**Student:** 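I am attaching a structure below and will ask some questions about it afterwards.
Keep in mind the model is a prediction, meaning the values are calculated, not measured. One-based numbering along the sequence shown.
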Amino acid sequence: MPKTLVIVESPAKAKTIEKFLGKSHYTVKASVGHVRDLPKSKLGVDIENNFEPQYINIRGKGDLIKELKKEAKKSKKVYLATDPDREGEAISWHLAYILGLDQNDECRIEFNEITKDAIKKAIKSPRNIDINLVDAQQARRVLDRLLGYQISPILWQKVRKGLSAGRVQSVTTKLICDREKEIEAFIPDEYWTIDLEAKTSKDEDISLKFYGRSKDKMELPNEEIVNSILDDIKDKEIVVNSIEARTRRKSAPKPFTTSMLQQEAANRLSFTTKKTMSIAQELYEGIDIENEGTVGLISYIRTDSKRISEEAKEKSKEYILEALGEDYYKPDFDKGKEKGSKKVQDAHEAIRPTSVIRTPDSIKSSLTKDQFKLYNLIWRRFIASQMQDSIFDILNVECKIDDYILKATGSKMKFDGYTKIYNFTEREDKILPPINEGDTLIVKDILPLQHFTQPPARYTEASLVKTLEELGIGRPSTYAPTITTILNREYVEKQGSSLHPTELGKIVTDILETNFQKFIDVDFTATMESQLDEVEEGNIPWKEVVAKSYEPLKEAIEIAKENIEKINMDEETDEICENCGEHMVIKHGRFGKFMACKNYPECKTTKPIVNKIGVKCPKCNNGDIILRKSKKGKAFYGCSNYPECDFLSWNKPTGDICDKCGSYMVEKITKSETKVVCPNKECKNEMVKENSEN
């Protein structure tokens with residue numbers, strides 16, 4: 001008896017779904033992503049014929065396509081079950097073309113989570129392929145191809161082979177370069193603060209901060225003004241002028257969108273955006289859970305919506321009432337529409353667990369360490385989003401010395417609310433001693449402190465994703481691959497958690513700004529995303545969007561070919577060629593940087609670059625510590641005598657010796673500071689030094 005064929009994108013997803021549907025009536029196959037695309041070897045867009053794309057079957061997928069055709073031919077029905085977004089819709093459209101399906105037939109099914117109920121429900125509600133979604137993806141693909149395939153060759157000719165330009169990646173690189181310019185141009189301003197340590201009449205300590213004079217906040221720009229104030233308040237008593245008690249509520253965070261998940265995973269778990277999305281994909285496609293079988297643990301992971309289905313809300317309500325009690329449930333959550341300047345793809349829900357009953361601890365044994373960490377974050381965030389506010393008692397105290405104003409603030413948690421579930425930082429109450437208006441305080445110590453304003457912080461992956469979302473650059477599915485691309489292209493490098501532009505990134509950005517300013521303009525890129533949304537809504541023909549964008553690009557390309565001068569990226573070194581005596585230069589090849597003789601092609605001497613850090617190996621005391629890179633591009637430090645000496649450290653050795661245990665010391669960079677620490681887990685000796693971030 002003929003079966004029904006269901007085609008999904010990934011083999012893992014196919015395996016999970018086939019278990020739900022059963023092999024007796026359904027066959028589930030994977031397309032393994034796209035099956036048709038624009039050719040790699042040429043532009044693949046017929047500009048003269050209204051930008052008609054010239055799709056071809058992807059090389060290497062011939063056998064897979066034959067298998068899908070064979071299965072489709074003997075099946076009574078074919079359902080296309082690719083991801084519920086533009087790209088997924090386009091993949092279904094291409095599959096329908098290859099398999100000869102009627103695109104007006106109801107052959108498309110979609111689901112937001114991979115659970116038995118969701119799959120069964122989707123099978124009962126097939127629909128037509130949404131050509132508007134397909135056209136929005138076609139517009140994006142064609143635009144990216146026109147920009148990339150026509151600007152990139154100019155970079156190859158003028159800078160070096162292998163470079164690329166892209167509609168989103170180039171703007172992202174520009175943001176990082178612009179931030180670096182801000183940091184380099186930053187001039188710090190001096191400012192001061194004055195803290196006072198005082199005692200109440202009952203000999204209890206209270207800390208006060210200088211605020212201003214006669215109700216007005218007062219800036220303290222220099223030491224002269226500070227000394228004048230210190231002279232005025234010297235040997236004078238502090239009088240409590242007013243006390244205000246109030247309650248402050250802190251609302252629970254909304255459930256995760258893609259960008260917020262990437263930001264929180266970076267901040268809380270130190271995951272890269274790429275790692276976050278990879279693990280999230282595993283949780284979405286299905287995990288083999290002990291005593292339950294394979295099931296998708298979270299809903300679809302590429303979304304900018306915070307919406308939650310009524311069914312999911314009801315399940316979370318049941319859990320909160322049973323596990324935590326009525327006080328912790330917030331019944332009026334999210335009744336209104338989402339707010340925001342840009343369109344939200346509301347067909348999707350926020351990222352949430354497919355079942356709140358599957359608590360992180362209950363399935364921990366079935367998950368890897370990283371899967372557990374991410375699932376725990378998602379599960380707790382979702383449950384917390386349905387919970388009551390946390391409530392704090394706040395006490396504001398205002399004091400006076402003459403007409404100078406000093407302030408102190410105390411806080412105490414009254415009700416933990418959502419933080420009972422979602423709390424990753426330890427918080428301590430700040431309790432002020434009992435005081436009354438009119439009380440006199442005795443000054444113990446006055447602490448004037450000089451400060452200087454700091455330059456803007458460099459982007460981290462988390463803050464970059466947040467900025468891209470706020471500016472409307474890219475969409476949930478593009479953040480992680482965009483960051484991966486600019487790192488792989490060596491336009492940007494990571495130092496600690498911060499993103500720094502490389503010299504190559506600065507040069508390429510400068511060329512694009514000078515010659516293709518419009519196309520790496522933030523507003524232009526954001527407007528383009530809005531136009532793609534309009535295509536998705538069926539309001540604008542996709543080829544019209546492409547035509548309007550391409551016209552100025554065509555002219556800019558011709559001018560750039562003539563105006564851009566060739567840039568020599570070779571960097572001369574002090575290293576001397578052992579064969580001809582000429583200086584060696586740093587060149588760039590397929591596998592990264594290497595040194596070659598300046599006399600090339602007469603002299604073809606080459607050698608690898610050894611990045612010594614100026615520290616001897618603490619293990620063999622003979623070799624030099626050198627900077628290396630793992631297969632995944634992560635920096636680490638090893639001995640130049642490898643494999644004879646197998647010393648390895650992910651953190652940079654400093655050459656210092658621990659004064660407690662005698663081990664070597666390493667440099668550890670965090671967001672706020674740089675520490676020199678002892679890697680000996682039993683020692684934990686450390687000292688803080690000035691952060692090199694600025």
**Student:** Side-chain donor-acceptor pair under 3.5 Å between T173 and T509, yes or no?
**Tutor:**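 T509 and T173 do not have a side-chain donor-acceptor pair below 3.5 Å.
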**Student:** With a 3.5 Å cut-off and no angle check, do the side chains of Y422 and R380 form a donor-acceptor pair?
**Tutor:** no
**Student:** Can a donor-acceptor pair be found between the side chains of S477 and E87 at a distance below 3.5 Å?
**Tutor:** no
**Student:** Checking side-chain polar atoms at under 3.5 Å, does E113 have a donor or acceptor matched by the opposite partner on T354?
**Tutor:** no
**Student:** Mind jotting down which residue pairs meet the ring pair (Phe, Tyr, Trp, His ring centres under 6.0 Å) criterion with at least one end in residues 266-285? Sequence neighbours excluded, please.
**Tutor:** Y284-Y300
**Student:** Mind checking whether F20 and F111 have ring centres under 6.0 Å apart?
**Tutor:**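 No; F111 has its ring centre 6.0 Å or more from that of F20.
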**Student:** Going by side-chain contact (heavy atoms from CB on, under 4.5 Å), M665 matches just one of N680, V676, V677. Which one?
**Tutor:** V676
**Student:** Ring of Y491, cation from R489 - is the NZ or CZ under 6.0 Å from the centre and inside 45° of the axis?
**Tutor:**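 No; the conditions do not both hold, so R489 does not lie above the ring face of Y491.
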**Student:** Excluding sequence neighbours, so at least two apart, what forms salt bridge (charged side-chain N to carboxylate O under 4.0 Å, His left out) with R358?
**Tutor:** E292
**Student:** Should we say atom NZ of K19 is surrounded by more than 12 heavy atoms from elsewhere, each under 6.0 Å from it?
**Tutor:** yes
**Student:** Between D624 and K612, does any NZ, NE, NH1 or NH2 come within less than 4.0 Å of an OD or OE carboxylate oxygen?
**Tutor:**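 Salt bridge present between K612 and D624.
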**Student:** Please name all residues satisfying salt bridge (charged side-chain N to carboxylate O under 4.0 Å, His left out) with E461, sequence neighbours left out, ordered by chain then number.
**Tutor:**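 Salt bridge (charged side-chain N to carboxylate O under 4.0 Å, His left out) list for E461, sorted by chain: K494.
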